[in-house]
Amino acid sequence: MSVLVTGGLGYIGSHTCVELMNSGVEVVVVDNLYNCKKSSYDRIKALVGKDFKFYECDIRDAEGLNEIFDKENISSVIHFAGLKAVGESVAKPLEYFDNNVNGTLVLLDVMRKHGCKKIVFSSSATVYGMNNVSPLTEDMEVGGVTNPYGRTKYMIECILKDLYTSDDEWSIVLLRYFNPIGAHKSGTMGEDPNGIPNNLMPYITQVAIGKREHLNVWGDDYDTPDGTGVRDYIHVVDLALGHLKAVEKAEKENGLFIYNLGTGVGYSVLDVVKAFEKASGQDIPYVIGPRRAGDIATCYSDPSKALNELGWKAERGIEEMCEDSWRWQSTNPNGYPD
Ligand code: NAD
Ligand code: UD1
């Protein structure tokens, strides 16, 4: 029996594939290579020391997916494939709804036709919107999302909840990620954004290697200890291990389950800058800029439900996140090879 991993060559997917295979789980990957390089496949293989199936296929291609399900013995799906850039989603809403929402509908229909009713979905803390107060718990009202990317996550959560209501043979795990950063300890896998990074850590690492002059800190007048935004950064390997627990749960039990995957600890932008400087020995010059539209002051999780029900807890601290991000960036200044 295999786990189908959509988007499995991307940042979080690749780290999850490594942890799944290291635990003896068979993996089949589907990715259309839209936001990753094929060399990510070689890096995963080299790390686990064994081959696995990879299909270059778009999840909106029902025929392609059907063939994969016909050929492979798939028991469950971890669904990472999607577009994820907030700013781009404002400029290209149709592309985001098509890729993320329509893509998920096609995938779910193919799964149903093949009697595969177990799915772990990559949701985001963004579904908590602007009004809930941290620490965020899974029973808080979701919605109130301010951009098309976030709305795709909220809509897919709604679709999956309705699907479970219609048929309780499904096993559905919604994982709400907080802010994944860090990289594999080996330095051979990490985050490889296209163009100018939107997110904090890849921007910092590009300043550190001299690709960018300075970091722009988006606002220092928030109601936080130092005025800069506070987030719950989580090491990508801890996040990957959370997927292993989630898929084990889905394999064992029918139901609809929702978990935050975070550390429960908030760090400000300036805390991250300081931690990164210490871990890397590099100076990170920064300039205080205006607030970024759509940002909130503080966002961190209450991760206790995942601990109580999955036995999962993030183990890696901010120092390790920074060290591993730096090792990846400094040894792969141009990301994955073409
Ligand atoms: P990523 O872009 O590195 O990985 C996504 C992968 O999916 C890429 O390899 C891409 O080529 C593939 N893909 C995209 N559309 C596809 C399609 N239609 N068919 C087949 N493959 C497709 O992103 P990531 O950071 O690894 O994120 C994975 C998932 O987690 C996404 O759904 C994202 O929205 C969600 N998420 C990410 C974060 C984060 O900070 N990285 C936070 C919350 C949620
Ligand atoms: C962002 C997205 C969120 C998405 C998540 C993961 C927005 C508004 N939110 O979350 O929907 O799920 O990424 O992809 O884009 N910062 C700077 N300078 C920078 C970059 C960031 O000061 O160059 C600050 C931000 O203002 C924020 C913190 O760093 O306070 C973290 O930002 P980021 O890494 O972009 O994550 P989020 O905004 O939390």
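Atoms within a ligand are numbered from 1 in the order they appear, just like the ligands themselves.
Contact annotation for Asn199 and ligand 2: heavy atoms of both the backbone and the side chain come within less than 4.0 Å of the ligand. Using a 4.0 Å cut-off between heavy atoms, Asn179 makes no contact with ligand 1 at all. In Ile12, the parts holding a heavy atom less than 4.0 Å from any atom of ligand 1 are both the side chain and the backbone. Contact annotation for Tyr177 and ligand 2: no heavy atom of the residue comes within less than 4.0 Å of the ligand. Counting heavy atoms under 4.0 Å from ligand 2, residue Leu200 touches it through both backbone and side chain.
Among Trp218, Tyr233, Tyr203, Tyr222, the residue whose heavy atom sits closest to atom 22 (O) of ligand 2 is Trp218. Within the set Tyr55, Tyr177, Tyr149, the minimum heavy-atom distance to atom 33 (C) of ligand 1 is found for Tyr149. Comparing Asn35, Asp31, Asn32, Val236 against atom 1 (P) of ligand 1, the shortest heavy-atom distance belongs to Asn35. Compare Cys57, Ser122, Pro180 by their heavy atoms: the one nearest to atom 40 (O) of ligand 1 is in Pro180. For atom 7 (C) of ligand 2, the nearest non-hydrogen atom from the set Val230, Ile296, Leu270, Val86 comes from Val86. Looking at Val145, Val287, Val269, it is Val269 that brings a heavy atom closest to atom 29 (O) of ligand 2. Taking only non-hydrogen atoms, the option from Ala85, Ser124, Ser89 nearest to atom 12 (O) of ligand 2 is Ser124.
Between Tyr267 and Tyr233, the distance separating the two ring centers is not shorter than 6.0 angstrom. For Phe121 and His79, the distance between ring centers is under 6.0 angstrom.
Atoms of ligand 2 lying under 4.0 Å from any heavy atom of Asp295, numbered from 1 in the order shown and given with element: 8 (C), 25 (C), 26 (O), 38 (O). Atoms of ligand 1 lying under 4.0 Å from any heavy atom of Leu33, numbered from 1 in the order shown and given with element: 11 (O). Residue Asn198 approaches ligand 2 through these ligand atoms, each under 4.0 Å from one of its heavy atoms: 20 (C), 35 (O). For ligand 2, the atoms lying closer than 4.0 Å to a non-hydrogen atom of Asn216 are 17 (C), 18 (N), 19 (C), 22 (O), 23 (O). Taking every heavy atom of Tyr34 and a limit of under 4.0 angstrom, the matching atoms of ligand 1 come to 11 (O). Interface atoms of ligand 1 facing Ser123, defined by a heavy-atom separation under 4.0 Å, are 43 (C), 44 (C). Within ligand 2, the atoms closer than 4.0 Å to a non-hydrogen atom of Thr126 are 11 (O), numbered from 1 in the order shown. Residue Ser124 approaches ligand 1 through these ligand atoms, each under 4.0 Å from one of its heavy atoms: 43 (C), 44 (C). When each atom of ligand 1 is checked for a heavy atom of Asn99 under 4.0 Å away, the hits are 15 (N), 16 (C), 17 (C), 18 (N). Each of the following atoms of ligand 2 lies closer than 4.0 Å to a heavy atom of Asn179: 36 (O), 37 (P), 39 (O). Remark: ligand 2 atoms within the under-4.0 Å shell around heavy atoms of Leu215 are 18 (N), 23 (O). Of all atoms in ligand 2, numbered sequentially from 1 with element shown, those under 4.0 Å from a heavy atom of Val217 are 22 (O).
When each of Arg316, Gln329, His235 is paired with Asp324, the side-chain hydrogen bond (donor to acceptor under 3.5 Å, both in side chains) condition holds for His235 and for no other. Checked options Val230, Val217, Ile288; the residue passing with Val269 is Val217 (criterion: side chain to side chain contact (heavy atoms under 4.5 Å, CB included)).
Protein heavy atom at the shortest distance from atom 38 (O) of ligand 2 is Arg292 NH2, 2.7 Å. In this structure, atom 27 (C) of ligand 2 lies nearest to the protein heavy atom Arg231 NH2, 3.8 Å.
Between Lys53 and Glu26, none of the side-chain N atoms (NZ, or NE/NH1/NH2) sits under 4.0 Å from a carboxylate O, so this pair counts as no salt bridge. No salt bridge links Lys38 with Asp338; every basic N to acidic carboxylate O contact stays at or beyond 4.0 Å.
Any N or O atom pair closer than 3.5 Å counts here, and Ala81 shares no such pair with ligand 1. The distance criterion of under 3.5 Å between nitrogen or oxygen atoms is met by Phe80 with respect to ligand 1. Ligand 1 has a nitrogen or oxygen under 3.5 angstrom from a nitrogen or oxygen of Ile59.
Not a single heavy atom of Glu191 sits closer than 4.0 Å to an atom of ligand 1. Ligand 2 is never approached by Phe178 to a heavy-atom distance shorter than 4.0 Å.
Both tests do not hold together for Arg231 against Phe178: distance to the six-membered ring centre under 6.0 Å, angle to the ring axis within 45°.
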